[in-house]
Number of protein chains: 2
Amino acid sequence: MTEPRTPDVAATRAPAKKHARDGKPNATIYDIAKVAGVNPSTVSRALSKPGRVSAKTQKLIEDAAAELNYQVNPFARALPTGRTNTFGLIVADITNPTFFDIIRGAETTATVRDYTLVLAESAESAVTELTAARRMMATVDGLILASPRMDDDDIRTLARDKPVVVINREVDGVPCVVPDVNKGISEAVRSLAANGHTKVAFVAGPAQSWMSARRWEGVQAACEWSRLEAVRLESTKPTVDGGRQVARDVRASGATAVLTYNDLLAIGLMQELQAAGMVVPDQISIVGFDDIFGADFTTPPLTTVRSPLGECGSGAATLLLDLLHGTGEPAATLRVETELVLRGSSGRLLPEG
Amino acid sequence: MTEPRTPDVAATRAPAKKHARDGKPNATIYDIAKVAGVNPSTVSRALSKPGRVSAKTQKLIEDAAAELNYQVNPFARALPTGRTNTFGLIVADITNPTFFDIIRGAETTATVRDYTLVLAESAESAVTELTAARRMMATVDGLILASPRMDDDDIRTLARDKPVVVINREVDGVPCVVPDVNKGISEAVRSLAANGHTKVAFVAGPAQSWMSARRWEGVQAACEWSRLEAVRLESTKPTVDGGRQVARDVRASGATAVLTYNDLLAIGLMQELQAAGMVVPDQISIVGFDDIFGADFTTPPLTTVRSPLGECGSGAATLLLDLLHGTGEPAATLRVETELVLRGSSGRLLPEG
DNA sequence: AGGCTTTTGTCAACCGGTTGCCATAAATTG
DNA sequence: CAATTTATGGCAACCGGTTGACAAAAGCCT
């Protein structure tokens, strides 16, 4: 080594910035340029515009970069370009297991494509959600909204600024990933019909939930097809507790089989019915939706219409990344299949004993 | 030709940067300066250095900012300062419910303090974890490692660069948040002793798990104090499946009460034992750790030693934020209490029938 | 009033990449 | 071999804030 980087001034300067607490400052393209004997702009091109510089210089620069252990400064890059290699995911409730797999799916896909996932929670509030979304917009390249609570119009407004993908809801003009409930529901209802049930109750979710409406429609249609009677009951909230509270109405309805908006409701409902002495599935069949973590912890384990949540998350991420790099695709809705997961909470109705 | 660059071209400019797709470009401090009739640097100070400018100018600038709907550009700020108002959280497994509440706790605290949470998963691998951590280091102000798998030394190395807080493990010289297992464990063991149990098995977690070691120590100590016999069994992995697999060993051990490294093991174990015809808790008592989501879905619901996971998450975030702003605090370990949550899976041992 | 300290605002140099424009060198063509 | 096109590298402006140095203005004191 002929010269030790920078004379003796080097020892004095460097207040304490990029190299947070100790260590040497991170290498910059200027350092590389010096080592490789070229202009910084050439370094920039070599590192980000493939083919723009000659193979010889390319190699020279890459070697220097490797030697200096160079890493781009994401902020410096983001400033002029606006690109951040980051995208946001907003979920209604981090502790709702429905979102676990969505988060994981999105995170995994992001990491593979060299993106970073930024997470925010809306606490089930439309305004919090919009605030979080707005704040994120400034720092991400795109946004995924999982089961958003805000208005269609707000979503479209956001989508005009940066690519947005919606999960579990369909919004005109915005790319969406939605489970197609029909297959799973018809399997479920056919199974119930085959087991001798004639009256089915559906416990609905939140009034503003797009998904709840779809599921109710699906249940109605499938029941009609199988010539079963379908009744709709309302729940107070889509949680275990809400499930407990709706148990009274379920018994009063006279239905022998229940489908609930989601698994949490089903679990709460089953707990309450069992506590009241009813036997599942001998006296009543219970079917949930989603197949969340823990759905098989119950006794009997919960029959449920599974949505491939992980797939939704990774599908949304893929859609988003394609949108970001892609050729300005048509932004179609991505539909993923649902299927019945038959476990112990549904089955043949036993004659009154 | 004084300046060739951009005369009237200006009208044409604005390719499509900061104002991503449409709309007006975001306001900058230069715009504010123009409106308020001051220098941009004054604007900068007014907006970030309280007290540095006169009340009069302050108001002038704030009004202009409000009028223009100004929002700082995080990248422009990060570039010279290195501060990003962001911190990272790395968890071993996003779908492991243990982390759900940790994530939520951290996210909530972050949002309240006006920070953004960036999430990454290590897929239970020490190298993936270190890679993720390194990558994050460049873009965050600090890092939280939840149940990290990497070496103490790697953690300390990271901690030399930027503030790092560790959850669920103690690392010398690094601030940590750990549940203090003793209270919960002694409650659990006392309860078992009171119910006539004399031999207790502990199903251990991963060999490298710091927490597993602490829990085994706690169980040993508590059993000694209550004059119970304690045996240790190994599990293949800390999941429901691992719990099923260890059931054989549990039966062979002759213990009438089992504590498992975590709730997932307990749930799997209970499922397997029940499938083999054993009655819980009449023939065997089962106690888990953590009180994860779903621990009360089982029949009987799981007795468990609860760790306040949400508190761990928010505590770690608070510690980190204090570290970032604070006066260079001593970085002590934060201990949070555990407690026994008595449910149905543990109780009095029935005499053999 | 003159001298001295304290406020307050301005100037200009950064932070570290990106990119349009231009000049030169190299390659292609007539 | 001159003329023209193309490949390549350099120059310098720019993204939008931050901050040290400094000067003008204002306040304070005797």
Side-chain angles (χ1 to χ4, degrees), chain A residues 13-20 25-34 36-61 64-65 68 70-85 138-139, chain B residues 1-7 9-10 12-20 25-34 36-61 64-65 68 70-85 138-139:
Chain A
R13 70 119 181 283
K17 291 269 168 73
K18 312 287 86 174
H19 49 98
N26 290 341
T28 72
I29 57 169
Y30 297 91
D31 300 328
I32 297 180
K34 211 175 298 171
V38 298
N39 188 283
S41 59
T42 306
V43 175
S44 173
R45 290 195 178 98
L47 264 28
S48 53
K49 297 269 170 66
R52 182 58 173 72
V53 303
S54 69
K56 205 182 67 204
T57 333
Q58 179 84 28
K59 172 107 176 45
L60 206 62
I61 290 172
L68 295 175
Y70 170 79
Q71 302 193 167
V72 294
N73 178 321
F75 309 114
R77 172 171 289 174
L79 192 45
T81 63
R83 279 181 295 107
T84 64
N85 266 236
T139 57
Chain B
M1 209 147 304
T2 49
E3 43 174 348
R5 218 181 42 68
T6 39
V9 195
T12 328
R13 72 119 184 279
K17 291 271 167 74
K18 312 287 86 173
H19 49 97
N26 290 342
T28 72
I29 56 169
Y30 296 92
D31 300 328
I32 298 181
K34 210 175 299 170
V38 298
N39 189 285
S41 58
T42 306
V43 176
S44 173
R45 290 203 173 91
L47 263 28
S48 52
K49 297 271 168 65
R52 181 60 172 72
V53 303
S54 69
K56 204 182 69 208
T57 343
Q58 179 83 30
K59 173 108 178 41
L60 207 61
I61 290 172
L68 294 175
Y70 169 79
Q71 302 194 166
V72 294
N73 178 323
F75 308 114
R77 171 172 289 174
L79 192 47
T81 62
R83 280 180 294 106
T84 65
N85 265 233
T139 57

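It should be emphasised that the depicted structure is a prediction, and the values quoted were computed from it without experimental measurement. Chain identifiers are assigned alphabetically (A, B, ...) following the order of the sequence lines, protein sequences preceding nucleic acid strands; residue numbering begins at 1 within each chain.
For B:T28, taking side-chain heavy atoms from C-beta onward, the closest of the listed nucleotides D:dG17, C:dC11, C:dG17 is D:dG17. Candidate nucleotides C:dG16, C:dT18, C:dC11 were compared by shortest atom distance to the side chain of A:T81, and C:dT18 ranks first. Distances were taken from every side-chain heavy atom of A:Y70 (C-beta onward) to each of D:dG9, C:dG17, D:dC11; the shortest belongs to C:dG17. Minimum atom distance to the side chain of A:P80 is reached by C:dG17, of the listed D:dG10, D:dT8, C:dG17.
Checking B:V72, B:V43, B:N73, B:L68 one by one against B:I29, the side chain to side chain contact (heavy atoms under 4.5 Å, CB included) holds for a single residue, B:V43. The side chain to side chain contact (heavy atoms under 4.5 Å, CB included) test with A:T28 singles out one residue from A:I32, A:D31, A:N26, and that residue is A:D31.
As judged by a 4.0 angstrom heavy-atom cut-off over every strand, A:V38 is placed among residues touching the sugar-phosphate backbone only.
Across every non-hydrogen atom of A:F75 and B:A138, the tightest pair is CE1-O, 3.6 Å. The two residues A:Y70 and A:A27 have their closest heavy-atom pair at CD1-O, 3.3 Å. Across all non-hydrogen atoms, the minimal contact from A:A64 to A:A36 is CB-CB, 4.3 Å. When all heavy atoms of B:A46 and B:I61 are compared, the closest pair comes out as CB-CD1, 3.6 Å.
Remark: A:N73 is not in phosphate contact with C:dC15, judged by side-chain N or O atoms under 4.0 Å from OP1 or OP2. Put simply, A:S54 has a side-chain N or O that comes within less than 4.0 Å of OP1 or OP2 on D:dG9. Residue A:S48 has a polar side-chain atom (N or O) positioned under 4.0 Å from OP1 or OP2 of C:dT18.
Interatomic distance, OG of A:S41 versus NZ of A:K49, reported as 10.5 Å (0.5 Å rounding).
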Which atom pairs link the protein and nucleotides 20-25 of chain D when you take only N or O atoms and keep those under 3.5 Å?
from: D:dG20; atom 1: N7; to: B:R45; atom 2: NH2; distance (Å): 3.4
from: D:dG20; atom 1: O6; to: B:R45; atom 2: NH2; distance (Å): 2.5

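Here D:dG9 presents its P atom at 20 Å from NZ of A:K34, a figure rounded to the nearest Å. A straight line from CG of A:L47 to P of C:dG16 spans 16 Å, rounded to a whole angstrom. One can place CD1 of B:I32 at 8 Å from P of D:dG17, the figure rounded to the nearest angstrom. For the pair A:Q58 CD and D:dT8 C1', the interatomic distance rounds to 12 Å; values are reported in whole Å. Protein atom CZ of A:R83 is 7 Å distant from nucleotide atom P of C:dT18, rounded to whole Å. When the P atom of D:dA12 is taken as reference, atom CG of A:N39 falls 10 Å away, rounded to whole Å. Distance CD1 (A:I29) to P (C:dT19): 11 Å, rounded to an integer number of Å. Per the geometry, CD belonging to B:Q71 stands 11 Å off P belonging to D:dG17, to the nearest Å.
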